[in-house]
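Bear in mind that the values here come from a model prediction, so they are computed numbers and not experimental data.
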There are 2 protein chains.
Amino acid sequence: MPKSISDSAHHRTPLTRERVLRGAVEIADAGGIGSLTIRSLAQHLGVKPMSVYHHVANKDEILDGIVDLVFTEIELPSAGDDWRTQMRRRANSARLALSRHPWAIGLMESRTTPGPATLRHHDAVIGALRAAGFTVEMTAHAYALLDSYTYGFALQEAALPFKGTETVAGVAEPMMRQFSAGEYPHLVELATDHVLRPGYDFGNEFDFGLDLILDALAKSRPDPST
Amino acid sequence: MPKSISDSAHHRTPLTRERVLRGAVEIADAGGIGSLTIRSLAQHLGVKPMSVYHHVANKDEILDGIVDLVFTEIELPSAGDDWRTQMRRRANSARLALSRHPWAIGLMESRTTPGPATLRHHDAVIGALRAAGFTVEMTAHAYALLDSYTYGFALQEAALPFKGTETVAGVAEPMMRQFSAGEYPHLVELATDHVLRPGYDFGNEFDFGLDLILDALAKSRPDPST
DNA sequence: GCACCCGCCGTACTTAGTACGATAGGCTAC
DNA sequence: GTAGCCTATCGTACTAAGTACGGCGGGTGC
């Protein structure tokens with residue numbers, strides 16, 4: 001029964017599992033997964049620590065929950081498109097979601113109980129591949145390949161020694177100078193001749209590999225017309 | 001206070017940074033990265049907690065160190081082989097190292113300061129690609145692609161809801177039954193028709209994608225003779 | 001033989017997860 | 001309406017973990 005507007009003054013919007021998980025994502029986004037503590041989360045939610053335990057069993061459940069929340073953000077294949085477009089959009093969407101929430105990659109390794117959004121996601125992609133005419137076996141191959149590439153790329157992006165886009169040179173320059181001694185000549189060559197050049201953006205590498213993979217997969221379809 | 005004769009007990013092999021890191025790897029291997037604490041590590045080394053701080057600055061340095069130790073285990077390309085063999089061996093070796101130490105994948109996301117073994121590894125692989133005739137730009141493409149795939153595959157292996165090889169059916173069977181309701185039809189199809197079949201081993205998927213990638217990369221070399 | 005240094009350790013402070021039970025404010029049944 | 005109850009929130013407190021700070025003992029250089 002909604003009555004008074006001043007309801008919120010006395011009663012902040014009630015806590016829910018949903019709000020707990022969203023708050024956890026916000027904290028992890030802002031300060032890394034290390035800054036996500038029950039206490040920091042409670043404070044962010046305007047609540048005392050023990051209150052969150054009425055909506056989740058323990059911190060592990062929060063971690064499982066936010067990983068699943070990230071999967072929520074990944075675009076599912078839409079029926080209208082051809083399979084390559086579906087896969088490309090899905091992969092890009094996944095990569096972007098993981099780069100918005102880099103901590104999710106690290107969590108995936110330890111959380112072995114996928115949530116509903118994760119399962120729904122897997123199911124949709126597998127379904128799209130099957131619908132595109134891939135055999136069950138080829139679907140397994142293709143899915144493992146596409147997912148590995150996507151997650152792995154996101155992992156590398158997260159592990160880059162810098163965060164933004166253009167800062168590459170600024171951060172890598174001194175690092176390179178240190179290596180000039182000659183310990184890592186090929187690394188230095190690649191960096192100075194390519195990566196540190198003005199318009200380079202590691203994120204663009206993603207499309208190269210993705211196209212290469214999709215092209216190669218296309219050849220293994222029964223009907224290579226599309 | 002027995003300042004006594006039994007000095008032999010007191011004379012354990014002296015602690016070193018090396019021994020600290022190796023001990024840390026052993027603990028993480030045995031019980032997961034979560035079980036690696038300064039105290040557990042000290043006990044494992046037969047020493048008191050504060051002693052380890054004479055060899056590492058803090059726990060973060062330990063984490064950086066053990067990631068680098070894992071890279072130590074990855075086979076570097078050997079000059080004799082042709083580039084595809086080099087890349088294949090390197091990728092397989094990396095995958096195996098990461099599956100021996102799955103916690104390393106999760107750590108890679110948060111540790112953005114690569115150690116010497118990591119740098120040496122990158123340098124060697126880049127050097128092998130350059131020596132194989134790839135342009136600088138193609139080397140960047142190829143390396144991002146191969147590494148992404150390798151790490152991503154290892155990540156998926158680590159995230160599998162089971163550990164061993166043959167246990168797949170045993171663990172997945174009940175899970176599947178729960179899904180039979182029809183929420184994830186394609187996932188169920190893939191599982192029952194393929195993954196849960198007797199000789200299936202997810203690890204074998206690795207070679208499929210790796211060969212596909214290497215084949216495609218070969219076409220982009222200036223001299224596609226080898 | 002002595003002072004010094006280095007590697008090890010005891011103590012203790014701080015932060016984090018969370019068990020246990022209390023409480024408050026509304027809601028149900030009479 | 002009112003007694004009791006239910007549920008979301010909270011207070012307290014215990015445990016585990018990272019680590020600052022200073023002490024100590026034994027081996028070394030002179």
Colleague: Which dot-bracket string describes DNA chain C (Watson-Crick N1-N3 plus N6-O4 or O6-N4, or G-U N1-O2 and O6-N3, all under 3.5 Å; [ ] crossing; | other strand)?
Modeller: ||||||||||||||||||||||||||||||
Colleague: Check the angle between the aromatic planes of A:H194 and B:H141 and answer parallel, tilted or perpendicular using the 30° and 60° thresholds.
Modeller: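 Perpendicular: the ring planes of A:H194 and B:H141 meet at over 60°.
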Colleague: Heavy atom of residues 21-34 of chain B under 4.0 Å from DNA chain D: which residues?
Modeller: none
Colleague: How close or far is atom P of C:dG17 from atom CD of A:E61, stated in whole angstroms?
Modeller: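 Between P of C:dG17 and CD of A:E61: 15 Å.
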Colleague: Which comes earlier along DNA chain D counting from the 5' end, the contact point of B:D60 or that of B:H54, where each point is its nearest nucleotide?
Modeller: B:D60
Colleague: Determine, for B:D147 against B:R90, whether the closest basic-nitrogen to carboxylate-oxygen distance falls under 4.0 angstrom.
Modeller: yes
Colleague: Any salt bridge between B:E26 and B:R22, counting N to O under 4.0 Å?
Modeller: no
Colleague: Taking atom C1' of C:dA19 as reference, at what distance in whole Å does atom NZ of A:K59 sit?
Modeller: 17 Å
Colleague: So, is B:S51 near the phosphate of C:dC9, with a side-chain N or O under 4.0 Å from OP1 or OP2?
Modeller: yes
Colleague: So, A:H101 versus A:E73: side-chain donor-acceptor pair below 3.5 Å or not?
Modeller: yes
Colleague: Is there a donor in the side chain of B:S148 and an acceptor in the side chain of A:Q156, or the other way round, less than 3.5 Å apart?
Modeller: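 Their side chains do contain a donor-acceptor pair, which is all the 3.5 Å distance test asks for.
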Colleague: Using a cut-off of under 3.5 Å, enumerate the N/O to N/O pairs linking the protein to nucleotides 11-14 of chain D.
Modeller:
from   : atom 1 : to    : atom 2 : distance (Å)
D:dG11 : OP2    : A:K48 : NZ     : 3.2

Colleague: From C-beta outward on A:Y53, which listed nucleotide comes closest to its side chain: C:dG17, D:dG18, C:dC8?
Modeller: C:dG17
Colleague: Salt-bridged, A:R111 to A:D68, with N to O below 4.0 Å?
Modeller: no
Colleague: In whole angstroms, how far is the P atom of D:dC10 from the CG atom of A:L45?
Modeller: 11 Å
Colleague: Measure from the side chain of B:N58, starting at C-beta and using heavy atoms only, and say which of D:dT19, D:dA17, C:dG17 lies closest.
Modeller: D:dT19
Colleague: Whole Å only: how far is the CD atom of B:Q43 from the C1' atom of D:dA16?
Modeller: 14 Å
Colleague: Parallel, tilted or perpendicular for A:H122 and A:Y143, by the 30°/60° rule?
Modeller: perpendicular
Colleague: For the residue pair A:H55 / A:R19, report whether a side-chain donor-acceptor contact shorter than 3.5 Å exists.
Modeller: no
Colleague: Using side chain to side chain contact (heavy atoms under 4.5 Å, CB included), reason through B:I66 and B:L36 one step at a time and then give a plain yes or no.
Modeller: CA-CA 11 Å; B:I66 60 180; B:L36 173 58; 4.1 Å; yes
Colleague: If I compare all heavy atoms of B:A144 with all of A:F202, which pair ends up nearest, and what's the gap?
Modeller: CB-CE1, 3.9 Å
Colleague: Determine, step by step, whether A:Y149 and A:F206 satisfy the ring-ring contact (aromatic ring centres under 6.0 Å, His included) criterion, reporting the C-alpha distance in whole Å, the side-chain angles of both residues, the deciding distance to 0.1 Å, and the verdict.
Modeller: CA-CA 9 Å; A:Y149 178 61; A:F206 189 63; 5.2 Å; yes
